[in-house]
Structures are given as structure tokens and as C-alpha cells.
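Below you'll find the structure, written out as C-alpha cells, and then a few comments.
The first residue of the sequence shown is numbered 1, and numbering continues consecutively from there.
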Amino acid sequence: MQTRALGRQGLKVSMLGLGCMGMSEFYGPLDDAESVATIHRAIDLGITFFDTADMYGPFTNERLVGRALRDRRAGVVIATKFGNVRGEDGAFLGLNGSPDYVRASCDASLQRLGVDHIDLYYQHRVDPKVEIEETVGAMAELVQAGKVRYLGLSEASAATIRRAHAVHPITALQSEYSLWSRDVEDDVLPACRALGIGFVPYSPLGRGFLTGRFSSPSDLAANDRRRIFPRFQEENFDRNLEIVRRLESIAQGKPGPSGPGSTCTLAQLALAWVLAQGYDVVPIFGAKKRRYVEENVGAVDIALDSRDREALNTAVPKGAAAGQRYPAASMASVQK
């Protein structure tokens, strides 16, 4: 597993990271023992970059990640996030980017993770009620105090990124990016590159849709939150399956990473496309089972030539996905 630099402040991570959210919430049945084993298997395979947030669970995912990494802390990079406020009962209570909340959230995350510092600390969503300079100023104080090493933003607009970076260097910007979610190419990704900010795509597999695992919405568990996402709903689902079918034809003609006779999987193909977008790009895929980590890391050995990239761009042109990437209420808080 090769490494890539995020930003210009010295942070290096594995070229693929593991998103841990689904281990604690949102994506169906949970199994803590398998989740811990999945994190350990990821480390065995060279992944050093692990992503969580205080809101996942809520609050339980940081504890899970901290427990899994406790005796493996050296050599791993832990990223977590604040800003989406939730109650102990799981209720969503809005956004908070106030300096006092920044400081309190960091201390609570340190305690749950069981670490003395957070490697990469993101503002999960921009709070429109608080000037970004105030929020990032408080985050910068955490760096000065030794509680945080590097700062990040998630789902921020190009204008917000520039304002934040003027207060303190932003090391990474995390936003959704995949073959079927490419709006960041318009303004956000160019802004990051102009400022030397690393880019961390989440949901690089389209929340699992681009892996070909689903043939109808009924394949999702009753408690799987993807059921309410527009792209997973009836008419949109059927239209988006057409994208998967086109990707399948490309994957079938692409040799896999397991040697002669092996075939590239859809997940490997989709991840390879994201990896090919630049050496400043480090996608984090979500997985809560070891077999999916083992499959997905094969993407680092899939080389896409110009014909492959052209075929993929033709099969999934920008804007091809049917439906918004979030329900309307959640879309209101992205790229602010």
C-alpha cells in the first residue's frame, strides 16, 4: 500500500482509507466484533487512515474505533469530526460551529477515542450561524494546545475553504466524490488544488450502489438509512441500475488484481477511477466486513489507461445519476 500526502503540512496516509460510520449506524445490522476485526484486517493490508465522527452512533463509533486501534495507535491516522449535533437519544439537533462547542467536542472525542491527540480534525458541516473564521480560529487553538495535529473541513464550498485556509492551513477537505457524484469538480476541487489542500472523497462507491450488490430497494435492511436517499428510491433506483450495468461491461473486460484469469470487480473499478483523479486524492470507502476490505484494497493494483478512463466517462457522464445524493433537508447543509 503506497502513501499519499494530504495538504502541505506533512500529513501522509495510505492511498485508501477506511470509513467506519456504518459499523455503528445507518447501514443495517451491526456486529462490533466483526467491525473490530475489519479494522485490524485493514491495518494488515496497509491501510493507516481511519475516519469516524462524534455523531456516528451517536457517540459509539469513536469508542469502537478507539478500542480497535488502542494497541495499534503508532503508525495510524485517526480522523474525526464535529459540528453535527445529536442528542443521546439519537435526535438530530442542528449544526454548531461556535468556539465553545469546538473545544468541548474535541475534549469529548479525545475521551471516547482514548487518545491524547486527534490526527485530523474536521468540521463536519459548516454552521451558517457562525463565521468560519471563528470556528477555524478555535480549531487552530486546538492545534496550538497539542490536542489536534491537522485541520479539515467537510462539504464546504470553495469560498468557505478559502476563508478558512486564510485563518489556519487546512490540510484536507472531505466531500462526496465518485463516478456518479462529481459536482466538486466545478469549484471545490480546483480551490483545494490552488491552496494545496488534500482531497478526501467519501462514499466513493456511491454508498455501495456502484458495487452492484443491490438489485432493488428491498435488498436494503429495514433499518438501512439509504432507503430514504433519493438515488435508492424506486424510479431513480431503476435508472441508476442502468449505470451499474454499463460499469459491469467495462469491469468484465478489465483484468483483476489477483493474477491471470481474475476479473476486476465493480468496487475495484469505481475506486480505481477515484484514485486516478490525482495523487492529492485519498478516498475513504466504508466497510464493516473483512471480505469487503480485502476486495476493495485490490483497487490500488488496477491501472486505468486513457481508453479505460474514456470508457468510464462515457458510461457515467457527469450528472448521470438519477436523484440528489441526499434527501432535501441534508442537501441544504452541503457545500456551504
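- Here the shortest heavy-atom pairing between P255 and I302 reads O-CD1, 3.7 Å.
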Steps toward side-chain hydrogen bond (donor to acceptor under 3.5 Å, both in side chains) verdict (D100, S98): CA-CA 6 Å; D100 285 346; S98 67; 6.0 Å; no
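- A distance-only check finds a donor-acceptor pair linking the side chain of T314 to the backbone of E310 [under 3.5 Å].
- Remark: the backbone N or O of D305 is paired with a side-chain donor or acceptor of D308 at under 3.5 angstrom.
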Stepwise salt bridge (Lys or Arg N to Asp or Glu O under 4.0 Å) check, E155 with K336: CA-CA 7 Å; E155 288 289 0; K336 296 297 184 183; over 6 Å; no
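- A salt bridge is defined here as a Lys NZ or Arg NE, NH1 or NH2 lying under 4.0 Å from an Asp or Glu carboxylate O, and E176 with R207 meets this definition.
- One N or O on the side chain of S154 and one on the backbone of Q174 form a donor-acceptor pair closer than 3.5 Å.
- Under the 4.0 Å criterion applied to side-chain N and carboxylate O atoms, E25 and R86 are assigned as salt-bridge partners.
- Using a cutoff of 4.0 Å between basic side-chain nitrogens and carboxylate oxygens, R41 and E295 are not scored as salt-bridged.
- Checked for salt-bridge contact, E185 and R182 meet the test: a charged N lies under 4.0 Å from a carboxylate O.
- Considering only heavy atoms from C-beta on, L18 comes within 4.5 Å of V293 through its side chain.
- Closest approach of N296 and A267 over heavy atoms only: OD1-CB, 3.4 Å.
- Contact of the L95 side chain with the P128 side chain is registered, since non-hydrogen atoms from C-beta on lie closer than 4.5 Å.
- A salt bridge does not link D280 with R4: every distance from a Lys NZ or Arg NE/NH1/NH2 to an Asp or Glu carboxylate oxygen is 4.0 Å or more.
- More than 12 heavy atoms of other residues, nucleotides or ligands sit less than 6.0 Å from atom CD of E133.
- Between D31 and K289 there is no salt bridge, since none of the side-chain N atoms of the basic residue sits less than 4.0 Å from a carboxylate O of the acidic one.
- No side-chain donor-acceptor contact under 3.5 Å links D301 and Q268.
- At least one donor-acceptor pair under 3.5 Å links the side chain of S249 to the backbone N or O of R246.
- The shortest heavy-atom contact between A42 and F50 is CB-CE2, 4.0 Å.
- Checked by atom type and distance alone, the side chain of D51 never pairs as donor or acceptor with a backbone atom of G19 at under 3.5 Å.
- Note that the OG atom of S178 and the CG atom of L210 stand 5.5 Å from one another [nearest 0.5 Å].
- When only modelled atom types and interatomic distance are considered, H117 and R149 share no side-chain donor-acceptor pair under 3.5 Å.
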side-chain hydrogen bond (donor to acceptor under 3.5 Å, both in side chains) evaluation trace for Q335 with D183: CA-CA 10 Å; Q335 294 190 19; D183 52 315; 2.8 Å; yes
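- The main-chain N or O of W273 is found under 3.5 Å from a side-chain atom of Q277 such that the two form a donor-acceptor pair.
- When only modelled atom types and interatomic distance are considered, T52 and N61 share a side-chain donor-acceptor pair under 3.5 Å.
- Hydrophobic cluster membership differs between V85 and M55, with clusters built from Ile, Leu, Val, Met, Phe, Trp and Tyr side chains linked at under 4.5 angstrom.
- The number of heavy atoms from other shown groups lying within 6.0 Å of CD (Q111) does not exceed 12.
- R226 forms a cation-pi arrangement with Y27, by the criterion of a distance under 6.0 Å to the ring centre and an angle within 45° of the ring axis.
- In this structure a side-chain-to-backbone donor-acceptor pair under 3.5 Å is present from N313 to R309.
- Looking at heavy atoms from C-beta onward, L269 lies in side-chain contact with L312 at the 4.5 angstrom threshold.
- Under the 4.5 Å side-chain heavy-atom criterion for grouping Ile, Leu, Val, Met, Phe, Trp and Tyr, M21 is not connected to L16 through any hydrophobic cluster.
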Intermediate values then yes/no, salt bridge (Lys or Arg N to Asp or Glu O under 4.0 Å), R72 and D44: CA-CA 11 Å; R72 294 165 168 79; D44 292 342; 5.7 Å; no
K147 and D107: CA distance, side-chain angles, deciding distance, salt bridge (Lys or Arg N to Asp or Glu O under 4.0 Å) verdict: CA-CA 8 Å; K147 295 180 178 182; D107 288 342; 2.8 Å; yes
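- Within the 4.5 Å cutoff, the side chain of I43 has no heavy atoms near those of the T48 side chain.
- For K254, the NZ atom sits in a packed shell: over 12 heavy atoms of surrounding residues, nucleotides or ligands are nearer than 6.0 Å.
- The backbone N or O of T80 sits nowhere less than 3.5 Å from a side-chain atom of E62 that would complete a donor-acceptor pair.
- Hydrophobic clustering keeps F92 apart from Y326 (ILVMFWY residues linked when any side-chain heavy atoms are closer than 4.5 Å, directly or through intermediates).
- Side-chain heavy atoms closer than 4.5 Å link hydrophobic residues (I, L, V, M, F, W, Y) into clusters, and following such links, possibly through other members, connects V334 to I197.
- Using cut-offs of 30° and 60° on the angle between ring planes, the pair F209 and F232 is perpendicular.
- Between R213 and Y292 there is a side-chain heavy-atom pair separated by less than 4.5 Å.
- Once rounded to the nearest 0.5 Å, the distance linking NE2 of H165 with OG1 of T160 reads 14.5 Å.
- Contact between S330 and R225 at its shortest, heavy atoms only, is OG-NH2, 4.1 Å.
- Side-chain contact between L45 and E294 is present, with at least one heavy-atom pair separated by less than 4.5 Å.
- At most 12 heavy atoms of other shown residues, nucleotides or ligands fall within 6.0 angstrom of atom OH in Y279.
- Between the side chain of D54 and the backbone N or O of S109, no donor-acceptor pair lies under 3.5 Å.
- Rounding to the nearest 0.5 Å places OG of S203 at 14.5 Å from OH of Y177.
- Classification of the F82-Y101 ring pair by plane angle, with boundaries at 30° and 60°, yields tilted.
- For K288 and D32, the salt-bridge test fails: no basic side-chain N is under 4.0 Å from an acidic carboxylate O.
- Note on ring orientation: taking the six-membered ring where Trp is involved, the planes of F26 and Y56 are perpendicular (angle over 60°, cut-offs 30° and 60°).
- Between L195 and I161 the shortest side-chain heavy-atom distance falls below 4.5 Å.
- Using a 4.0 Å cut-off between charged side-chain N and carboxylate O, E242 and R239 make no salt bridge.
- Taking both residues in full, the closest heavy atoms of I170 and G152 are given as CG2-CA, 4.1 Å, listed atom of the first, atom of the second, then distance.
- With hydrogens and angles left out, the side-chain atoms of S181 and R231 include a donor and acceptor closer than 3.5 Å.
- Note that CZ of F49 and CG of L6 are 5.5 Å apart. Values are rounded to the nearest 0.5 Å.
- A continuous path of Ile, Leu, Val, Met, Phe, Trp and Tyr side chains, each step under 4.5 Å between heavy atoms, connects L304 with L179, placing both in one hydrophobic cluster.
- Here the side chain of T211 pairs a donor or acceptor atom with the backbone of G208 at under 3.5 angstrom.
- Distance check: E134 CD to D127 CG gives 10.0 Å after rounding to the nearest 0.5 Å.
- Taking all atoms of both residues into account, the shortest heavy-atom contact from L151 to H168 is CD1-ND1, 3.3 Å.
- Using a 4.5 Å heavy-atom cutoff, the side chains of F229 and R325 are not in contact.
- Between the CD atom in Q252 and the OG1 atom in T265 there is a gap of 12.0 Å [rounded to 0.5 Å].
- Side-chain contact annotation: S35 with T38, donor-acceptor N/O pair under 3.5 Å absent.
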